[in-house]
Amino acid sequence: MAIVYGKAPGKIILFGEHAVVYGQPAIAIPVTKVKATARIYPAIHKSQGWLGIEAKDINLNTTLSELPTENPINMAISLTLQKIKPTHTPAMQLQISSTIPIGGGMGSSAAISIAIIHALSSFLGQPFSKGEISDLAYEVEKIHHGTPSGIDNSVIAYQTPIYFQRKRPIEFLKISKQSHWVIADSGESTPTLETVAAVRAQYNANPEKTGKFLKKIGKITEKARFALENGDIKVLGELVNENQQALRELELSSKKIELLIKSARRAGAVGAKLSGGGRGGNIIALCYEENIPSIIEMLEQAGATRVFATRLAESEVS
Ligand code: MEV
């Protein structure tokens, strides 16, 4: 049996984070400049069923039987094995690595699960479909996020821009004009579980007021889909800024996020907002290609810990 790889990109949410948990639509795109990789190969001198796990980035060197059952890596493996029900499981070694920042709102947890599920199902000779991989990763996401909307596992498993709404079929976006986005890490992070719980607390305390902001984000996302599909960058920029305003009202921004947004806009970004759970993590700035270098420079000067540009390409016409 040969070495098998599973790879999964990072993601950013362009519009609709948090509101998506409450049934509003959201738009997310894969980011292939960062990725999670799972590598599986036979463990020759070990007995059947043995599974070694190594993740150097987080100093983990263990075996499946030693990992707690609620550990997300254990869950991704166990759910895959439960679905395949192999008559015998060969001894194997799993190595996990990732360049996706942890806690930065770029889907690191979902990408790691997806890379593992993909590699393991392929190694055992029954490669799962994208939909199957996404469904299993969603189960693992529940440990990280409590009540995940499912957008992270979906965009990462399908590796294509999506318009996502809970309980509705995923829609794949048809982009008519490329756009450029600079992604900047604030170097601060708050677990998504916490920010989702903070919005829930606001909602429970004042459903009318919080609901109004969430619905507003939903409307912005609907308009943004139209602007993306029609290649209207100027309108898209205005919508990015409006989305950020609603996220501010929901108390999801932070001083550092605001500083980065201001810096990006001063350097010529058409619009900028936080992306993902908020209260830290990454900001995204929509920009014209010629402004990318100066925006990156300004963001670095403002204290972003990692800055890079990604291009959302036009959809291929089939
Ligand atoms: C996290 O990437 C996005 C949130 O909307 C949570 C979720 O959708 O599960 C904050």
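Order of listing sets the numbers, starting from 1, for every ligand and every atom in it.
Taking a 4.0 Å cut-off on heavy atoms, K11 registers as neighbouring ligand 1.
Atom numbering of ligand 1 starts at 1 in the shown order; those under 4.0 Å from a heavy atom of E17 are 5 (O). Residue contact check: V20 has heavy atoms under 4.0 Å from atoms 5 (O), 8 (O) of ligand 1. Every atom of ligand 1 with a heavy atom of I151 under 4.0 Å away is listed here by number and element: 8 (O). Atoms of ligand 1 found under 4.0 Å from any heavy atom of I13, numbered from 1 in the order shown, are 2 (O), 3 (C). Taking a cut-off of under 4.0 Å to the non-hydrogen atoms of P148, the atoms of ligand 1 that pass are 9 (O).
Around atom NZ of K256, more than 12 heavy atoms belonging to other residues, nucleotides or ligands sit under 6.0 Å away. Atom CD of Q301 has more than 12 heavy atoms from other residues, nucleotides or ligands within 6.0 Å. Counting heavy-atom neighbours within 6.0 Å of Q245 CD, excluding the residue itself, gives a total above 12.
Remark: K7 is positioned above the aromatic ring of Y5, its terminal NZ or CZ atom under 6.0 angstrom from the ring centre and at most 45 degrees off the axis.
Here K262 does not pair with E258 in a salt bridge; the nearest charged N to carboxylate O distance is not below 4.0 Å. The existence of a salt bridge linking E249 and K209 is excluded, since no basic side-chain nitrogen approaches an acidic carboxylate oxygen closer than 4.0 Å.
At least one N or O atom of D152, backbone or side chain, sits closer than 3.5 Å to an N or O atom of ligand 1.
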Does Y203 form a ring pair (Phe, Tyr, Trp, His ring centres under 6.0 Å) with Y22? I'd like the steps, not just the answer. CA-CA 10 Å; Y203 187 83; Y22 296 78; 5.1 Å; yes
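Regarding atom 7 (C) of ligand 1, its nearest protein heavy-atom neighbour is S149 OG, 3.4 Å. In terms of protein heavy-atom proximity, atom 4 (C) of ligand 1 is nearest to H18 N, 4.0 Å.
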